Amino acid sequence: MELLRVQTIAHESKDTTIPAMFVRSETEQPGTTTVKGVKLEVPIIDFSNPNEEKVQNEIMEASQKWGMFQIVNHEIPNDVIKKLQSVGKEFFELPQEEKEIYAKPVGSESIEGYGTNLQKEVNGKKGWVDHLFHIIWPLSSINYRVWPKNPPSYREVNEEYGKYLRGVADTLFKSMSIGLGLEEHELKEAAGGDDMIYRLKINYYPPCPCPDLVLGVPAHTDMSYLTILVPNEVQGLQASRDGQWYDVKYVPNALVIHIGDQIEILSNGNYKAVLHRTTVNKDETRMSWPVFIEPKEDHEVGPHPKLINQDNPPKYKTKKYKDYAYCKLNKIPQ
């Protein structure tokens, strides 16, 4: 069991100072580094548009120029998303000892389960967030022991969401494949096909008395191919644009899509992973439900062979995903 959860610290820190380990350096503090009064309007793509070519072009352009976009009318019913949010929130509102049943064992290599710390931070600072991680697809990779038994509908709700989500992911892979000049199936195939791992993370950012000084999650790009994220309505996602930090506009019922490192590698830099971070709120709890679509550990990822030639040499090394992840989490150059 980890010693202290952020949720507990937040409960004890109401209207007082917060532990120094959460206070960011001035160059990172959102209070001084956020461009105020401007919401970044990242591209919004309507998945229900009957003009399929237009949708594909919008996905390609957003992946090249932004590394992130939001999709609306995405065929995941609103009630499925509401239930996903509801059971996740209920889990984090359980008594602490009940949540600890699902805690990651100290020293465990696995990131699955309930926890607080995730990756090494160079200066030893901590993010103002607790989380729950578990795989929702494929069935052969799921460890149901780390899925909460309470609320009782947790499993059913997450499985239903996962089923719809795979349809969205397939559309994205197809569009991005065509955008690279590949056949519609080639990008997904190179990424691992139906063996790709869908890893859900629930982020729980409790209210913080000093939100201008802390970050929920520090600046990073995702390691995944793609991240498909459901936020709640509390503002918190920020993206870097031209070296400045902006709040990303919240769009009700939209899914937020992040291009991750592995798609940047696979596309040989045609698509760009987005640098992003999260802020927290003084009065309200922010939550988000990203699903990271990743290769299996031993799957090798490198630039797609059809995208490299004499004029376009590979810009990235080909390596097993587990080796990439190890370097990234431990801040070792790739």
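If you're wondering where the values come from, they're calculated on a predicted model, not measured in any experiment.
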Under 3.5 Å donor-acceptor pairs involving side-chain atoms of residues 142-150, not counting sequence neighbours:
| from | atom 1 | to | atom 2 | distance (Å) |
| --- | --- | --- | --- | --- |
| N143 | OD1 | R145 | N | 3.0 |
| Y144 | OH | E159 | OE2 | 2.7 |
| W147 | NE1 | H134 | ND1 | 3.3 |
| W147 | NE1 | I135 | O | 3.4 |
| N150 | ND2 | E98 | OE2 | 2.9 |

P138 side chain near I197 side chain, heavy-atom distance below 4.5 Å: yes
Backbone of I332 reached by a side-chain donor or acceptor of N330 within 3.5 Å: no
Sequence-distant partners of E184, side-chain hydrogen bond (donor to acceptor under 3.5 Å, both in side chains), two or more places apart: none
Modelled atom types, side-chain donor and acceptor of Y316 and E264, under 3.5 Å: yes
Connected via hydrophobic side-chain network under 4.5 Å: I59 and I178: no
Residues that R166 engages under side-chain hydrogen bond (donor to acceptor under 3.5 Å, both in side chains), provided they are two or more places apart: none
Only distances under 3.5 Å count here; give the side-chain donor-acceptor pairs of residues 77-85 to other protein atoms, sequence neighbours excluded, each with its distance to 0.1 Å.
| from | atom 1 | to | atom 2 | distance (Å) |
| --- | --- | --- | --- | --- |
| K83 | NZ | E160 | OE1 | 3.4 |
| Q85 | NE2 | P231 | O | 3.1 |

Set of residues satisfying side-chain hydrogen bond (donor to acceptor under 3.5 Å, both in side chains) with respect to K163, sequence neighbours excluded: none
Co-members of the apolar cluster containing V251 [side chain, <4.5 Å]: I44, V72
Distance-only donor-acceptor check, side chains D222 and H276, under 3.5 Å: yes
For V129, the option from T116, V6, V217 that meets side-chain contact (heavy atoms from CB on, under 4.5 Å): V217
Expected output: side-chain K125 to main-chain V23 donor-acceptor under 3.5 Å: yes
Backbone N/O of Y324 and side chain of Q334: donor-acceptor pair under 3.5 Å: yes
Side-chain (S224) to main-chain (F292) donor-acceptor, under 3.5 angstrom: no
